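Note sheet for the following structure.
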Amino acid sequence: MSAPGPEKADCRLEPVKAPRALIAAFLLLAAICAASAPSALGGGHAVGGRGAFGVRPAIPAPAAERVLRHAERLSAGAPGARGDMTLALLRVVHAYDSLDAVARHRADVLFARPSNPHDPEGSAWSAPEAAASPSCTPQFCVHWVARGRDAPSLRDSNGRADGDGVPDYVELTERVMTHVFAVENGRLGWRGPLSDGRKGGSHGTTDVYLADVGTSLFGYAAPDRGQQRRGQIKRSLFGYLVLDDDYKRSQFPGTKPADDLKVTAAHEYNHILQFSYDAFQDVWMAESTAVWMEDHVYDGINDYLRYMRRWTVRTRVPLTASSIKIYGSAVWNHWLERHYGAKTIRTAWARGKHLRAAGFSVASYGSAIRSAGPSDFERDFARFARDVAEWRTDRVFREGHRFPDAQRLGVLRPGAVPKLRRLGHTTFQMLRVPTSGGKALSLRASSPRGVAAGLALVGRIGSARHGRPVSSLSFRRRGGRLAVRLAHPGRFQRITAILINADTAQHGFSGQTLDWRYLHDHARFRVGARLSG
């Protein structure tokens with residue numbers, strides 16, 4: 001989680017949940033999978049498992065060095081350094097195989113535990129591990145130091161404050177982690193993490209390190225290196241957690257220290273479980289799931305609401321994009337849970353490793369949706385976009401009344417010249433439709449042939465908070481002409497037209513863009529409205 005600000009971040013990077021935690025994690029895990037020459041990270045480009053997506057294209061050496069240097073400058077906060085840190089670090093992952101030995105060492109310092117002189121976020125301990133550390137439960141071992149900047153408060157309710165006992169903060173961390181385990185692995189049934197053997201000195205439990213990461217992070221999860229066999233890349237990995245040693249207000253203004261510990265533990269531990277299922281799922285799925293999980297473990301904190309304003313003004317950004325939108329995309333998982341149950345999210349993670357397009361999260365979600373009901377990802381994305389229009393009524397989203405209103409991108413006047421709009425894959429655009437009467441309001445739209453497309457018309461009767469939405473949705477898997485209609489439009493307090501590009505067709509993974517090659521971006525939609533009577 002990244003540097004504190006108006007919105008908390010998973011690997012606090014900008015004043016939002018920008019995943020440095022996950023970043024560090026995916027740095028190692030993808031580096032393990034990206035490297036083809038023998039090294040500490042070893043292996044080849046091909047990804048193991050049934051239906052692997054094959055060899056990823058190499059990044060030229062000069063470009064790989066530029067990618068690494070740019071990520072280092074962003075990480076250090078160098079003057080003039082601009083860009084998305086998550087994407088920059090992920091580019092280092094895919095460039096790893098093209099780096100020389102010195103550059104690989106620079107990348108390798110990102111992957112070690114805090115007890116090692118080099119660690120993912122510059123939080124290597126400044127002192128040896130405390131004599132009483134670690135303190136363990138059946139599932140976790142919490143590690144700490146007794147002096148230096150990384151030491152938690154040594155206050156002990158038994159009166160020992162000399163570093164020989166277990167500090168209250170360590171015991172609080174143990175209780176939090178125990179609750180997290182009870183919800184994620186117990187009530188929600190997620191499979192336990194892979195054992196790390198005796199790494200960290202424990203016996204296969206998940207290690208949790210306390211460190212002063214608060215200047216830039218809330219905490220992070222990272223898989224350990226060396227988990228691959230020659231000629232075979234493992235997609236299920238074990239890892240460890242790093243949490244802040246105090247979450248003091250001077251570093252995390254505007255939040256409660258105990259709440260920060262709780263949601264960070266829930267979020268980052270979910271990444272550990274994700275690594276165990278399939279470390280190669282797309283970043284947008286990993287982050288949106290971890291934020292969704294926060295709300296399950298600590299529903300009263302509602303940390304995910306921090307990201308909703310940014311999400312609502314980015315409807316033109318694909319759901320699948322590696323952007324700051326991914327944190328607010330927890331609402332996609334909330335929508336799926338409402339329709340199919342929470343187990344659907346777990347099913348998506350469990351099935352992903354066995355699908356033909358390895359690591360293609362759209363396919364993972366699609367498989368889980370098909371197992372739960374007669375639908376699929378594209379059709380459900382169209383239904384989801386329709387429901388966003390009036391989500392503040394709580395009819396579909398349980399806490400929708402706390403969401404910002406979804407952004408409208410213009411006005412569609414009945415009888416006016418049809419509007420031309422361009423939509424990227426997994427995006428939608430909302431238009432306000434003003435009307436005060438008539439027998440019926442009709443919309444007609446044309447979408448490109450071969451593109452999964454939707455058109456929705458949503459009217460709200462009553463107030464934004466307590467009203468009732470009425471909708472009409474047309475979905476065509478192969479595109480073409482779409483039509484929807486609402487009778488007696490004068491009864492509605494607000495009417496919204498929604499154009500939807502639900503298409504997810506792709507042509508493999510690109511080593512240049514570090515994303516799937518989606519085929520139907522910039523799709524041309526033309527829509528007009530007509531009022532009858």
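Keep in mind that this is a model prediction, so the values were computed, not measured. Hydrogens, waters and symmetry mates are skipped; everything else that's a heavy atom, side chains included, is used.
Looking at T504 and F377, their side chains come closer than 4.5 Å, going by heavy atoms from C-beta outward. Within the 4.5 Å cutoff, the side chain of E337 has no heavy atoms near those of the T344 side chain. Taking the side chain as every heavy atom from C-beta outward, L443 and L412 approach each other to under 4.5 Å. A 4.5 Å side-chain heavy-atom check between S364 and R351 finds every atom pair outside the cut-off. With contacts defined as side-chain heavy-atom distances shorter than 4.5 Å, the pair E287/H267 qualifies. By the 4.5 Å heavy-atom criterion applied to side chains, N333 and S288 are counted as neighbours. R398 is not listed as a side-chain neighbour of R338, based on a closest heavy-atom distance of 4.5 Å or more. Inter-residue side-chain proximity for I500 and F381 is flagged as met; some heavy-atom pair is nearer than 4.5 Å.
We find that R402 and D394 are not joined by a salt bridge, their nearest charged nitrogen and carboxylate oxygen being 4.0 Å or further apart. Between E390 and R408 a salt bridge is recorded (basic side-chain N to carboxylate O distance below 4.0 Å). A salt bridge does not link R478 to D503: none of the charged nitrogens lies less than 4.0 Å from a carboxylate oxygen.
How far CZ of R444 is from CZ of R485: 10.5 Å, rounded to the nearest 0.5 Å. Once rounded to the nearest 0.5 Å, the distance linking OG1 of T264 with CD of E294 reads 7.0 Å. The CZ atom of F475 lies 11.0 Å from the CZ atom of R383; values are rounded to the nearest 0.5 Å. With rounding to the nearest 0.5 angstrom, the CG atom of L482 is 6.5 Å from the CZ atom of R476. Rounding to the nearest 0.5 angstrom, the gap separating the CD1 atom in I369 from the CG atom in L336 is 5.0 Å. To the nearest 0.5 angstrom, I326 atom CD1 is 10.5 Å from T289 atom OG1.
Between Y304 and F403, the angle of the ring planes goes over 60°, which puts this pair in the perpendicular group of the 30/60° scheme. Between Y277 and W190, the two ring planes are perpendicular [angle over 60°; tilted spans 30° to 60°]. Using cut-offs of 30° and 60° on the angle between ring planes, the pair W335 and H339 is tilted.
Across all non-hydrogen atoms, the minimal contact from G239 to I272 is C-CD1, 3.6 Å. Heavy atoms only, all atoms of each residue included: R309 and T312 are closest at O-OG1, 2.9 Å. Residue M308 comes nearest to P404 through the heavy atom pair CB-CD, 3.6 Å, listed as atom of the first residue, atom of the second, then distance. In plain terms, the two heavy atoms of V283 and S322 that are nearest each other are CB-OG, 4.3 Å. Residues L273 and P193 come closest through the heavy atom pair CD2-CD, 3.6 Å. Minimum heavy-atom separation, T496 to V433: C-CG2, 4.4 Å.
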Chi angles and distances behind the side-chain contact (heavy atoms from CB on, under 4.5 Å) call for S236, D278:
CA-CA 5 Å; S236 294; D278 187 1; 6.0 Å; no

Walk me through it: do F525 and L420 pass the test side-chain contact (heavy atoms from CB on, under 4.5 Å)?
CA-CA 6 Å; F525 285 68; L420 174 65; over 6 Å; no

Would you check, one step at a time, whether the test side-chain contact (heavy atoms from CB on, under 4.5 Å) holds for V458 with V470?
CA-CA 6 Å; V458 180; V470 178; over 6 Å; no

Let's go through D380 and S375 carefully: what are the C-alpha distance in whole Å and the side-chain angles of both, what is the deciding distance for side chain to side chain donor-acceptor pair (under 3.5 Å) to 0.1 Å, and is it a yes or a no?
CA-CA 7 Å; D380 274 2; S375 191; 2.7 Å; yes

Under the side chain to side chain donor-acceptor pair (under 3.5 Å) rule, what do Q429 and R421 come out as? Steps first, then yes or no, please.
CA-CA 8 Å; Q429 294 186 23; R421 294 283 175 148; 3.2 Å; yes

Evaluate R386 against V388 for side-chain contact (heavy atoms from CB on, under 4.5 Å), listing each step before the verdict.
CA-CA 6 Å; R386 173 201 60 193; V388 168; over 6 Å; no

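Remark: the N185 side chain and the Y269 side chain contain an N/O donor-acceptor pair separated by less than 3.5 Å. Remark: the S361 side chain and the Q281 side chain contain an N/O donor-acceptor pair separated by less than 3.5 Å. For N302 and Y298, the side-chain atoms include no donor-acceptor pair closer than 3.5 Å. One side chain, H425 or D521, offers a donor N or O that lies under 3.5 Å from an acceptor on the other. For the 3.5 Å distance criterion, the side chains of Y365 and D376 fail to qualify, holding no donor opposite an acceptor.
Here the side chain of R187 pairs a donor or acceptor atom with the backbone of H296 at under 3.5 angstrom. Side-chain atoms of S447 come within 3.5 Å of backbone atoms of G480 as a donor-acceptor pair (strictly under, hydrogens ignored). When atom types are taken as modelled, the side chain of T427 and the backbone of L423 share no donor-acceptor pair closer than 3.5 angstrom. Side-chain atoms of R460 come within 3.5 Å of backbone N or O of G462 as a donor-acceptor pair. Under a 3.5 Å cut-off, the side chain of R346 and the backbone N or O of L188 do form a donor-acceptor pair. Side chain of N501 to backbone of A453: no donor-acceptor contact under 3.5 angstrom is found. With hydrogens and angles ignored, the 3.5 Å screen pairs a side-chain donor or acceptor of T426 with a backbone N or O of L319. A distance-only check finds a donor-acceptor pair linking the side chain of R191 to the backbone of S276 [under 3.5 Å]. The main-chain N or O of F252 is found under 3.5 Å from a side-chain atom of T255 such that the two form a donor-acceptor pair. Counting only distance, with no hydrogens or angles, the side chain of R491 and the backbone of A487 share a donor-acceptor pair below 3.5 Å.
Enclosure of atom CZ in R449 is not indicated, since only 12 or fewer non-hydrogen atoms of other residues, nucleotides or ligands lie within 6.0 angstrom. By the 6.0 Å contact criterion, NE2 on H401 is enclosed, its count of non-hydrogen atoms from other residues, nucleotides or ligands being greater than 12. No more than 12 heavy atoms of other residues, nucleotides or ligands lie within 6.0 Å of CZ in R413, so this atom counts as exposed by the packing criterion.
With W332 as the fixed residue, the ring-ring contact (aromatic ring centres under 6.0 Å, His included) test singles out one of W284, W311, F384, W292: F384.
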